[in-house]
Trainee: 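Input: one structure, supplied below.
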Protein chains: 2
Amino acid sequence: MSQSIKYHHGNLKAELVSAALALLDEQGIEGVGIRQIARRVGVAHSAPANHFKNKQALFTALATQCFADLNCLLDEQVSPALDLSAAVHGICQCLLNYALTSPHRYSLMWRKDCVDTQNAELDAAMETVYQKLLSVLASHTQAKQVDIESQAIAIWSLIHGYVSLRLDGSLGKGQDDITGSDRSNAIVSVLLEGLL
Amino acid sequence: MSQSIKYHHGNLKAELVSAALALLDEQGIEGVGIRQIARRVGVAHSAPANHFKNKQALFTALATQCFADLNCLLDEQVSPALDLSAAVHGICQCLLNYALTSPHRYSLMWRKDCVDTQNAELDAAMETVYQKLLSVLASHTQAKQVDIESQAIAIWSLIHGYVSLRLDGSLGKGQDDITGSDRSNAIVSVLLEGLL
DNA sequence: AGTAAAAATGGACGGTGTCAATTTTGAGTC
DNA sequence: GACTCAAAATTGACACCGTCCATTTTTACT
């Protein structure tokens with residue numbers, strides 16, 4: 001019967017995920033606990049065990065969802081018609097934006113100690129994002145000394161490092177606003193200059 | 001009497017730190033717990049509270065120690081007489097080496113959720129390392145469009161990102177050996193090419 | 001209708017960090 | 001050298017947590 005609370009209400013798994021994401025956004029990774037989530041959804045503390053065998057399994061599902069979301073954002077925001085430089089800048093911009101908007105989600109995505117690194121869906125979701133960067137580089141075939149994979153790793157490292165440092169405040173207190181991606185743009189430009 | 005276990009054995013704080021570091025190296029951050037450390041040192045579960053008011057305070061001390069260690073390594077391994085490119089490569093090499101040798105220590109250094117980000121000593125230890133990079137860039141004054149701080153952030157981001165990705169296995173399974181820093185060197189070179 | 005599997009429940013176990021009251025030790029003072 | 005007092009270490013308690021278990025309820029299928 002619609003969304004009334006049934007003993008088996010059928011979509012508890014989905015509700016657990018969404019409650020967990022809300023908790024993650026509000027309180028960070030440390031605030032996300034099985035019992036806490038169950039409490040929020042209004043089920044017994046042990047109910048989630050039927051849908052996620054582990055806390056790790058839950059985190060894995062969350063991270064997978066986050067990568068999928070990020071992938072959607074990339075599809076929306078970086079058109080395949082752009083030239084190389086614009087596309088790479090777009091990807092970086094998109095990543096930075098996502099991280100600043102949902103810092104705890106971004107953190108979780110890289111917390112390999114919370115996640116099942118063997119999980120097929122998570123791997124696929126990660127790989128999809130990474131392939132997006134690779135395909136951008138490949139589509140604009142530039143004859144250059146550096147192979148495409150090295151280029152991708154360089155870009156990936158640079159933006160991930162910059163985002164990580166900004167997220168945990170290791171960079172100076174300057175440019176805190178989302179639009180203040182001037183620094184990010186400048187840095188990416190510098191790298192591209194050496195790359196292309 | 002020498003190192004026999006006294007009620008006040010005087011150096012328990014230091015012993016706690018070293019036991020914690022050992023535990024960190026062996027089991028990772030999640031394996032480091034107040035009671036576990038106390039057990040290993042052979043004191044009551046609540047003894048550490050006299051020396052560290054918090055688990056966070058303990059982690060802060062550990063991270064500070066790690067930054068100090070890294071700083072020593074930098075002093076040893078990157079001579080101030082080198083030219084710019086060699087110095088930057090040396091710093092990156094040193095960082096990568098430290099991270100691959102002590103992965104859990106490196107992780108802890110950036111786990112701002114485990115650490116008191118307001119702590120003065122930790123801040124100073126971090127700043128000392130960062131200043132080392134800045135001073136290298138400043139000493140070889142190159143007339144270039146990018147200001148020194150942006151250059152430093154770019155380099156810092158790139159190497160931190162690359163190291164982080166390697167540590168949690170997000171890069172392909174290639175080049176796993178410590179000496180296999182070819183990729184790292186290549187990437188840093190590319191960045192420097194655009195930078196200088 | 002009857003049965004078997006899935007889903008949700010409450011209770012228990014061992015573990016954690018932190019707090020409080022207590023006992024032991026060490027150093028400094030009369 | 002006895003006394004004091006603060007620091008250091010002890011035991012115990014509390015509220016959490018993740019995980020397992022036996023039990024009850026619901027659903028789906030024959």
Side-chain angles (χ1 to χ4, degrees), chain A residues 1-20 22-24 26-63 104 108 111-116 119, chain B residues 1-20 22-24 26-63 104 108 111-116 119:
Chain A
M1 325 293 291
S2 70
Q3 72 276 34
S4 76
I5 299 160
K6 311 172 286 185
Y7 201 90
H8 287 20
H9 58 27
N11 56 342
L12 186 138
K13 187 166 186 172
E15 278 193 52
L16 289 173
V17 168
S18 100
L23 212 44
L24 176 62
E26 295 170 18
Q27 314 201 31
I29 296 181
E30 304 305 308
V32 180
I34 299 281
R35 291 172 110 107
Q36 192 82 12
I37 297 168
R39 218 172 288 133
R40 184 173 281 228
V41 174
V43 294
H45 66 268
S46 191
N50 289 308
H51 303 277
F52 301 99
K53 86 176 210 300
N54 259 347
K55 191 178 184 184
Q56 185 185 259
L58 171 64
F59 275 144
T60 303
L62 295 184
H104 296 121
L108 175 63
R111 282 288 298 273
K112 297 308 171 71
D113 57 321
C114 293
V115 141
D116 177 15
N119 181 269
Chain B
M1 326 291 292
S2 69
Q3 72 277 34
S4 75
I5 300 157
K6 312 172 288 187
Y7 203 91
H8 287 19
H9 57 28
N11 57 342
L12 188 138
K13 185 165 186 172
E15 276 192 53
L16 289 173
V17 168
S18 100
L23 212 44
L24 176 62
E26 295 169 17
Q27 315 202 30
I29 296 180
E30 304 305 308
V32 179
I34 298 281
R35 291 172 111 107
Q36 191 82 11
I37 296 168
R39 219 173 287 132
R40 184 174 280 228
V41 174
V43 293
H45 67 267
S46 191
N50 290 308
H51 304 277
F52 302 99
K53 85 176 210 300
N54 259 345
K55 192 180 183 182
Q56 188 189 52
L58 171 63
F59 275 144
T60 303
L62 295 185
H104 296 120
L108 176 64
R111 282 288 298 272
K112 298 307 172 70
D113 57 323
C114 292
V115 140
D116 177 16
N119 181 269

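Throughout, protein chains are lettered first and strands after them, A, B, ... in sequence-line order, and every chain is numbered starting at 1.
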Trainee: Does A/His45 make a side-chain donor-acceptor contact with the base of C/dG11, cut-off 3.5 Å?
Mentor: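 Donor-acceptor pair under 3.5 Å: yes.
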Trainee: With sequence neighbours excluded, tell me which residues meet side chain to side chain contact (heavy atoms under 4.5 Å, CB included) with B/Arg111.
Mentor: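 Counting only residues at least two positions away or on another chain, B/Arg111 forms a side chain to side chain contact (heavy atoms under 4.5 Å, CB included) with A/Glu30, A/Arg111, A/Asp113, B/Ile29, B/Glu30, B/Asp113, B/Cys114.
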Trainee: What integer distance in Å separates B/Asn11:CG from C/dG26:C1'?
Mentor: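 In whole Å, C/dG26 C1' and B/Asn11 CG are 15 Å from each other.
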Trainee: Once rounded to the nearest 0.5 Å, what's the spacing between atom OG1 of B/Thr60 and atom CG of B/Asn119?
Mentor: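 So the gap between those two atoms works out to 5.5 Å.
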Trainee: Can you check the B/Leu16 CG to C/dG17 C1' distance for me, whole Å?
Mentor: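 Answer to the nearest Å: 15 Å.
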Trainee: Can you tell me how far the CG atom of B/Leu23 sits from the OG atom of B/Ser18, to the nearest 0.5 Å?
Mentor: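 One finds 10.5 Å between CG of B/Leu23 and OG of B/Ser18.
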Trainee: Please tabulate, for the side chains in residues 34-45 of chain B, all donor-acceptor contacts under 3.5 angstrom to protein atoms that are two or more places apart in sequence or on a different chain.
Mentor:
{"from": "B/Gln36", "atom 1": "OE1", "to": "B/Arg39", "atom 2": "NH1", "distance (Å)": "2.9"}
{"from": "B/Arg40", "atom 1": "NH1", "to": "B/Glu26", "atom 2": "OE2", "distance (Å)": "3.2"}
{"from": "B/Arg40", "atom 1": "NH2", "to": "B/Glu26", "atom 2": "OE1", "distance (Å)": "3.0"}

Trainee: Only pairs under 3.5 Å count here: list side-chain donor-acceptor contacts from residues 47-56 of chain B, not counting sequence neighbours, and write none if there are none.
Mentor:
{"from": "B/Asn50", "atom 1": "ND2", "to": "B/Ala47", "atom 2": "O", "distance (Å)": "3.4"}
{"from": "B/Lys55", "atom 1": "NZ", "to": "B/Val32", "atom 2": "O", "distance (Å)": "3.4"}
{"from": "B/Gln56", "atom 1": "NE2", "to": "B/Val115", "atom 2": "O", "distance (Å)": "3.3"}

Trainee: With the threshold set at under 4.0 Å for non-hydrogen atoms, list the residues of residues 31-40 of chain B touching DNA chain C in residue-number order.
Mentor: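 DNA chain C contact set from residues 31-40 of chain B: B/Gly33, B/Ile34, B/Arg35, B/Gln36, B/Arg39.
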Trainee: If I take atom CD in residue B/Gln27 and atom P in nucleotide C/dG15, what distance separates them, rounded to the nearest angstrom?
Mentor: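 For the pair B/Gln27 CD and C/dG15 P, the rounded distance is 14 Å.
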Trainee: Nearest-Å distance, CG (A/Leu12) to P (C/dT9)?
Mentor: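 Taking CG of A/Leu12 and P of C/dT9, I get 8 Å after rounding.
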Trainee: Nearest whole angstrom, please: distance from the C1' of C/dG15 to the CD of B/Glu30.
Mentor: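 B/Glu30 atom CD is separated from C/dG15 atom C1' by 14 Å.
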Trainee: Contacts to DNA chain C from residues 46-57 of chain A, heavy-atom cutoff under 4.0 Å, which residues?
Mentor: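 Residues of residues 46-57 of chain A that come under 4.0 Å of DNA chain C are, in numerical order, A/Ser46, A/Ala47, A/Asn50, A/His51.
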Trainee: Would you name the heavy atoms of B/Leu108 and B/Ala63 that are closest together and state the gap between them?
Mentor: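 In this case the closest contact between B/Leu108 and B/Ala63 is CD2-N, 4.1 Å.
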